[in-house]
Amino acid sequence: QVQLVESGGGLVQAGGSLRLSCAASGRAFSSYAMGWFRRAPGKEREFVAGISRSGPSRYYADSVKGRFTISRDGSKNTVYLQMNSLKPEDTAVYYCAAKEAFPVNRVVTTEGLVDYWGQGIQVTVSS
């Protein structure tokens, strides 16, 4: 089992940047594909970005492509989401997600496949 703790959220003006971090504890971090999802007010949770166990495979939702970057640091058991050029529509609770025993180069993009979730962290972008 793995525990996920997000940090780095907050309030930012449109056009600004934030970096979310997700610290993982428990079983070997390298055995998990990691991802970020978000839930905006009144909407369902949606995929944002994912990274494979090995790191080189990454995938992004069209709405964030070119603005967000996902990365992972095995030495710190942490996955990051760098968010640039933020827009008010990026306002949401962001969730870190982990999928275990996934093929090494696959990225988890579907909520139903996630094994573990963080508690979520609020990101608010003001116009």
Side-chain angles (χ1 to χ4, degrees):
Q1 190 168 355
V2 66
Q3 292 78 43
L4 305 173
V5 179
E6 300 101 336
S7 62
L11 173 65
V12 65
Q13 287 189 331
S17 298
L18 281 176
R19 188 177 79 158
L20 303 182
S21 300
C22 173
S25 61
R27 287 186 57 190
F29 181 63
S30 62
S31 66
Y32 293 91
M34 302 296 295
W36 290 93
F37 290 72
R38 68 186 181 187
R39 179 182 283 128
K43 296 185 178 181
E44 294 185 351
R45 187 156 51 186
E46 64 176 3
F47 168 77
V48 175
I51 188 167
S52 62
R53 289 168 50 195
S54 59
S57 296
R58 309 178 192 195
Y59 191 76
Y60 299 92
D62 288 343
S63 59
V64 307
K65 202 171 295 183
R67 300 187 297 120
F68 290 12
T69 302
I70 189 171
S71 61
R72 64 190 297 162
D73 185 339
S75 67
K76 297 181 180 179
N77 286 2
T78 300
V79 63
Y80 303 97
L81 185 67
Q82 178 67 45
M83 305 185 294
N84 298 328
S85 301
L86 282 161
K87 305 175 181 180
E89 50 264 43
D90 294 318
T91 294
V93 176
Y94 283 71
Y95 297 89
C96 182
K99 170 66 180 174
E100 64 182 334
F102 225 36
V104 66
N105 287 319
R106 277 195 65 185
V107 175
V108 58
T109 62
T110 305
E111 182 177 357
L113 291 178
V114 173
D115 293 315
Y116 303 102
W117 293 99
Q119 80 284 358
I121 192 163
Q122 179 69 45
V123 171
T124 303
V125 184
S126 63
S127 56

Participant: Quick check: closest heavy atoms across I70 and V79, and the distance to 0.1 Å?
Facilitator: CG1-CG2, 3.9 Å
Participant: What donor-acceptor contacts under 3.5 angstrom involve side-chain atoms of residues 14-26, with partners at least two apart or in another chain?
Facilitator:
unit_1 : atom_1 : unit_2 : atom_2 : d
S17    : OG     : N84    : OD1    : 2.9
S25    : OG     : Q3     : OE1    : 3.2

Participant: Rounded to the nearest 0.5 Å, what separation is found between the CH2 atom of W36 and the CZ atom of F68?
Facilitator: 11.0 Å
Participant: Output the rest of the hydrophobic cluster of L11: all Ile, Leu, Val, Met, Phe, Trp and Tyr residues reachable through side-chain heavy-atom contacts under 4.5 Å, sorted by chain and number.
Facilitator: none
Participant: What are the two closest heavy atoms between T109 and Y59, and how far apart are they?
Facilitator: CG2-CD2, 3.7 Å
Participant: Rounded to the nearest 0.5 Å, how far apart are CZ of R53 and CZ of R106?
Facilitator: 12.0 Å
Participant: Checking ring-ring contact (aromatic ring centres under 6.0 Å, His included) between F37 and each of W117, Y95, Y94, which is the one that passes?
Facilitator: W117
Participant: Between R72 and S52, is there a donor-acceptor pair closer than 3.5 Å when you use the side chain of the first and the backbone of the second?
Facilitator: yes
Participant: So if I apply the side-chain contact (heavy atoms from CB on, under 4.5 Å) rule between M83 and each of D90, T69, V123, which one comes out positive?
Facilitator: V123
Participant: Salt-bridged, D62 to K65, with N to O below 4.0 Å?
Facilitator: yes
Participant: With sequence neighbours left out, which residue pairs that include part of residues 48-84 fulfil the disulfide bond (SG atoms under 2.5 Å apart) condition?
Facilitator: none
Participant: Would a distance-only check, ignoring hydrogens and angles, find a side-chain to backbone donor-acceptor pair under 3.5 Å from Q119 to V5?
Facilitator: no
Participant: Give, for atom CG of L86 and atom CZ of R67, the distance between the pair rounded to the nearest 0.5 Å.
Facilitator: 6.5 Å
Participant: If I take atom CZ from residue R39 and atom CD from residue E44, how far apart are they, to the nearest 0.5 angstrom?
Facilitator: 8.5 Å
